[in-house]
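Order of the sequence lines fixes the chain letters, A, B, ..., with proteins taken first and strands second; residue numbering starts at 1 for each chain.
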Amino acid sequence: MLGCVLEHETPEGLVAVELTEVEAYAGDIDPASHAYRGKTARNAVMFGPPGFAYVYFTYGMHFCVNVVCLPEGTANAVLLRAGRVIAGEDLARRRRASRRPAPEGSVVPAARPVLPARELTRGPARLCQALAIGRVRNGADLCDPASPLRLRGADGRGGTGGTGGKGAVSAGPRVGVSAGAETNWRFWRSDDETVSAYRPSQPRAPRVRSAS
DNA sequence: CGTCGGATAATCT
DNA sequence: GATTATCCGACGA
C-alpha cells in the first residue's frame, strides 16, 4: 500500500497524498487490533468487505483512517500513518494550521508559524486533519473512483505501490500500542522525512485528585 | 534536537 | 472508572 495515493475531494477542494507509512492490524489474532475482542458498533466496518475505510475517533480529539483488508467476516485493516502531499498543499496547510489563543492581554492573535511541507501529513491524525477525514467517511468505498474518499495506484490506475523502485522499505514495531508491541507490522519508506516519529506506548498515571 | 505534561471524549470493562 | 492505533506547546540542551 506504500506509494498508493489517497485522495479526498470535498467542496473546499482536493487533497491527495502518496502513502509513506502504514501499520497492519490483524483482527482476532492481534491484541493491538480494535477487532481483537469481537465486533462492536465502532469496529463493525472492519468485519465487512475489503476496500472500505474504517475511521475511528481517539484521544478525545483525533481521527485515524484504515483500509479494510481480506474477505468479509475477517477483521483486518491497515492504518494509514503518513504521506507526502502531492495535490492541494495549500488547502492541507490551511486545515493543519493550529489555532493558538491570543496571548493574554493582547488583541492581536498569535502569529501562526508556517508549517513545513513534511509536517502536513506526518502522523495518522495529522493526515486525517489535512484531508478533512472524519466520522462521515467511516465506511466509504475507497475503490470507487466516484467516491469522495478513494485510493488508487501511483500510476493513476490500479498499479502497485511500494517505493516505485526509488528506495527500500523498512519495518518495525507499531507506534503507541501496548499489547502486541513486539510485532513488526509498521512499514515505511526508508529515509523518508514524512514518516512519523516512533513513540513507544506510554501508559499515563491515573489522574489524582487533590486531597485537600 | 529531545523529553514531558496536558487536552479531551468515545469506547469498553 | 480506565484506557486510548495522538498531537501540541513548553522547556532544556
### Query
Can we say A:R122 and A:E21 salt-bridge, meaning some charged N sits less than 4.0 Å from an Asp/Glu carboxylate O?
no
## Note on the structure
Whole-Å distance, A:L120 CG to C:dC8 P, equals 11 Å
### Task
Go through the steps to decide whether A:T10 and A:R95 satisfy the test side-chain hydrogen bond (donor to acceptor under 3.5 Å, both in side chains), and finish with yes or no.
CA-CA 13 Å; A:T10 70; A:R95 286 169 170 161; 3.1 Å; yes
### Task
Could you identify which residues of residues 31-52 of chain A place a heavy atom less than 4.0 Å from some atom of DNA chain B, listed by residue number, or say none?
A:R37, A:T40, A:R42
### Query
Hey, is the side chain of A:R81 poking within less than 4.0 Å of OP1 or OP2 on C:dT6, counting only N and O atoms?
yes
### Query
Listed in order of residue number, which residues of residues 60-67 of chain A have a non-hydrogen atom at under 4.0 Å from DNA chain B?
A:G60, A:M61
### A:A82 to A:T194 - nearest heavy-atom pair and separation
CB-O, 3.3 Å
### Query
OP1, OP2 of B:dA10 versus side-chain N and O of A:R135: anything below 4.0 Å?
no
### Distance, nearest 0.5 Å, that separates CD of A:E119 from OG of A:S196
10.5 Å
#### Entry: Sidechain N-carboxylate O distance under 4.0 Å for A:R94, A:E89
no
### Query
DNA chain C: A:A179 or A:L127, which has the more 5' nearest nucleotide?
A:A179
## Note on the structure
Of the listed B:dA9, C:dA5, C:dC8, the closest approach to the A:V177 side chain comes from C:dA5
### Face-on cation placement of A:R135 at A:F57 ring, 6.0 Å and 45° thresholds
yes
### Task
Mind running side-chain contact (heavy atoms from CB on, under 4.5 Å) on A:V17 and A:L131 for me, showing each step along the way?
CA-CA 9 Å; A:V17 297; A:L131 271 69; 3.9 Å; yes
### Query
So, is A:S178 close to the C:dT4 phosphate, meaning a side-chain N or O under 4.0 Å from OP1 or OP2?
yes
### Query
Roughly how far, to the nearest 0.5 Å, is the CG atom of A:L142 from the CD atom of A:E7?
11.0 Å
### Query
For the residue pair A:Y54 and A:Y56, is the inter-centroid distance of their aromatic rings smaller than 6.0 Å?
yes
### Message
Just the rounded figure in Å: distance from C1' of C:dA5 to OH of A:Y56.
### Response
3 Å
## Note on the structure
Symbol by symbol from the 5' end, with Watson-Crick or G-U pairs under 3.5 Å, [ ] crossing and | another strand, DNA chain B is |||||||.||||.
### Query
Closest approach of A:S170 and A:S190, non-hydrogen atoms and distance?
OG-OG, 2.6 Å
